[in-house]
Enquirer: 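Okay, handing you the structure first.
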Protein chains: 2
Amino acid sequence: MARTIGSDGGRTEAAIREAAISLMARFGYEAVSMRQLAAEVGVQAAALYRYFPTKEDLLFTLLCEHMDGLLSAWEAARPANADPRERLTAFVRNHIHFHVARRHATHVSNMELRALSRDNLTQILRLRTAYEKELRQILRDGAEAGTFVIDDTGLTAIAIIQMLTGVIVWFRPGERLSVEEVAETYLAMTMRLTGAENARENTHVRAHA
Amino acid sequence: MARTIGSDGGRTEAAIREAAISLMARFGYEAVSMRQLAAEVGVQAAALYRYFPTKEDLLFTLLCEHMDGLLSAWEAARPANADPRERLTAFVRNHIHFHVARRHATHVSNMELRALSRDNLTQILRLRTAYEKELRQILRDGAEAGTFVIDDTGLTAIAIIQMLTGVIVWFRPGERLSVEEVAETYLAMTMRLTGAENARENTHVRAHA
DNA sequence: CCGATAATAAAACGAACGTTCAATTAATTC
DNA sequence: GAATTAATTGAACGTTCGTTTTATTATCGG
């Protein structure tokens, strides 16, 4: 009925985040109770409030971390090269790899935005928009250069992102396809969708990353 | 404190369904209480139980109706013609029009499957699989005929459906684009994605429906 | 116009919810 | 080794949840 032997704030907080992502991805934010979460961590419900002031604050923290991670990953993967085809290739590969590696967090990110307060939602949407803007810029540059054939840049960007993110709905690691195979298949579809296969030049890369 | 003047079971049930779809699409199944739903209908919570035995049963009814409607709409729209390109065109147009017209129900259908019991979930997934099968068949026929260029039929079918259904996330009626314009843009992307633009014949239809 | 039935209200059920608080013990510091 | 701080428990707070029960009134067939 007090501090337990070997207890460590840092480890407990990490365990809470991990358990929260896992449970909320499976059952949804609203359906997961603080008691259920605490039980998964191996702690009493009251202990959670040492790390997160409210349930919504916990969710917000998870979503921020996820979006920050996505933007950081893209910044690290973004090629210095200016070739739209190469940039789009890097974008697709990074997007698939990142989201497959963090399937649960992605699920929460896509489903639970409505549980956020107005201010918190605005903050997350700002990050999301910044990410979409990266893809839109690639598409616009490619369209101007004649590399891509695109009707509506904004609409195409959203369509591509939704198609790519959809991977996490059905993908299970260790089954028929590897992440690399999935990424390459989606890359091929994205290239055809943007008309990159048949525009002017045809020297696009198809090799594995 | 009893039956109210002008009350009608049929109208009340329809009002419950409508309010449930609207509220659950906005706030999520778990976040909507039976009292909140009843208030939206203009009735006490207990009255809901004359029409639906449990909250989950209400959700299940809504999802069944939605999936049945989708399959019926496709059966009515499916062309007798055997040309894969024409069948794919009809599929895309029907999918977009149906889902845009029923944005709220689609949202619920996509988000709240996890709230269903095992048996109810199985039943819904059966309908969803039947629908996906229709698209897979079109893609397979088209690939065999050389009309389409497709790596993985199942994967492509899922990717297309997710791309198309994603429309409801951003689409708002009465804004920049009409449903018809959106449908045609997505149709063009689908055709490029499946390689229909550059395969053997090139006499595909581009006119409005 | 009267009996049957359909439709609802009002009140209550126990359970679970998010959260707070005081008490208690482990670890750390000096 | 005492004082301090960090980490957690157990119990409780008021509220809300889905659902049930009972009573009451509107509507309708005869």
Side-chain angles (χ1 to χ4, degrees), chain A residues 1-21 23-24 26-63 108 112 114-120, chain B residues 1-21 23-24 26-63 108 112 114-120:
Chain A
M1 48 181 100
R3 178 166 190 169
T4 56
I5 41 180
S7 60
D8 175 329
R11 280 214 322 270
T12 301
E13 181 174 343
I16 293 172
R17 292 169 117 104
E18 199 177 330
I21 288 175
L23 288 177
M24 288 177 185
R26 195 150 20 128
F27 304 113
Y29 168 79
E30 297 282 357
V32 174
S33 74
M34 294 301 266
R35 285 172 179 83
Q36 183 185 358
L37 173 55
E40 183 82 5
V41 177
V43 99
Q44 291 298 315
L48 303 177
Y49 289 85
R50 172 163 285 277
Y51 305 96
F52 303 96
T54 67
K55 188 185 180 186
E56 196 212 311
D57 213 87
L58 165 58
L59 174 64
F60 179 63
T61 302
L62 298 176
L63 297 188
V108 177
E112 310 299 355
R114 62 188 169 196
L116 294 177
S117 72
R118 218 180 154 70
D119 287 354
N120 286 346
Chain B
M1 47 180 101
R3 178 167 192 171
T4 57
I5 40 179
S7 60
D8 175 330
R11 278 214 325 269
T12 301
E13 181 175 342
I16 293 173
R17 292 169 117 105
E18 198 178 331
I21 288 176
L23 289 177
M24 289 178 185
R26 194 150 22 129
F27 304 113
Y29 168 79
E30 298 282 355
V32 174
S33 73
M34 294 300 267
R35 284 172 180 83
Q36 183 184 359
L37 172 56
E40 183 83 6
V41 177
V43 100
Q44 291 298 314
L48 304 177
Y49 289 85
R50 175 157 293 277
Y51 305 96
F52 304 96
T54 68
K55 189 185 180 187
E56 195 212 310
D57 214 87
L58 166 57
L59 174 63
F60 179 63
T61 302
L62 298 177
L63 297 188
V108 177
E112 310 299 353
R114 60 189 170 195
L116 294 177
S117 73
R118 218 179 153 71
D119 286 355
N120 286 346

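Just so it is clear, the model here is predicted, and its values are computed rather than measured. Heavy atoms only: backbone and side chains are in, while hydrogens, waters and symmetry mates are out. Naming convention: chains lettered A, B, ... in sequence-line order (proteins, then strands); numbering from 1 in each chain.
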Enquirer: Apply side chain to side chain contact (heavy atoms under 4.5 Å, CB included) to A31(B) and list each qualifying residue two or more places apart in sequence or on a separate chain.
Expert: E30(A), F27(B)

Enquirer: Please name all residues satisfying side chain to side chain donor-acceptor pair (under 3.5 Å) with E13(B), sequence neighbours left out, ordered by chain then number.
Expert: R17(B)

Enquirer: Under 3.5 Å, which N/O atoms of the protein pair with N/O atoms of nucleotides 17-19 of chain D?
Expert:
| residue | atom | partner | partner atom | Å |
| --- | --- | --- | --- | --- |
| dC17(D) | OP1 | S33(B) | OG | 3.3 |
| dG18(D) | OP1 | V32(B) | O | 3.4 |
| dG18(D) | OP1 | K55(B) | NZ | 2.8 |
| dG18(D) | OP2 | M34(B) | N | 2.8 |
| dG18(D) | N7 | R35(B) | NH1 | 2.8 |
| dG18(D) | O6 | R35(B) | NH2 | 2.7 |
| dT19(D) | OP2 | Y49(B) | OH | 2.8 |
| dT19(D) | OP2 | K55(B) | N | 2.8 |
| dT19(D) | O5' | Y49(B) | OH | 3.4 |

Enquirer: Under the side chain to side chain contact (heavy atoms under 4.5 Å, CB included) test, which residues partner A15(A), sequence neighbours left out?
Expert: V41(A)

Enquirer: Can you name the side chain to side chain contact (heavy atoms under 4.5 Å, CB included) partners of T4(A), sequence neighbours left out?
Expert: S7(A)

Enquirer: Report which part of the nucleic acid Y51(B) touches: base, sugar-phosphate, or nothing (heavy-atom distance under 4.0 Å, all strands).
Expert: sugar-phosphate

Enquirer: Excluding sequence neighbours, so at least two apart, what forms side chain to side chain donor-acceptor pair (under 3.5 Å) with E112(B)?
Expert: R114(A)

Enquirer: Got a list of protein N/O to nucleotides 27-30 of chain D N/O distances below 3.5 Å?
Expert:
| residue | atom | partner | partner atom | Å |
| --- | --- | --- | --- | --- |
| dT27(D) | OP1 | G6(B) | N | 2.4 |

Enquirer: Kindly give the heavy-atom pair with the smallest separation between L23(A) and L37(A), and that separation in Å.
Expert: CD1-CA, 3.8 Å

Enquirer: Ignoring hydrogens and angles, write down the donor-acceptor pairs under 3.5 Å from the side chains of residues 54-61 of chain A, residues two or more places apart or on other chains.
Expert:
| residue | atom | partner | partner atom | Å |
| --- | --- | --- | --- | --- |
| T54(A) | OG1 | D57(A) | N | 3.0 |
| K55(A) | NZ | Y29(A) | O | 3.0 |
| K55(A) | NZ | V32(A) | O | 2.7 |
| E56(A) | OE2 | S117(A) | N | 3.0 |
| E56(A) | OE2 | N120(A) | ND2 | 2.9 |
| T61(A) | OG1 | D57(A) | O | 2.8 |

Enquirer: What donor-acceptor contacts under 3.5 angstrom involve side-chain atoms of residues 45-52 of chain B, with partners at least two apart or in another chain?
Expert:
none

Enquirer: Output the rounded distance in Å from CZ (R50(A)) to C1' (dA22(C)).
Expert: 13 Å

Enquirer: Separation of Q44(A) atom CD from dA12(D) atom C1', in whole Å?
Expert: 13 Å

Enquirer: Tell me which residues in residues 12-19 of chain A put a heavy atom below 4.0 Å from DNA chain D, sorted by number, or none.
Expert: T12(A)

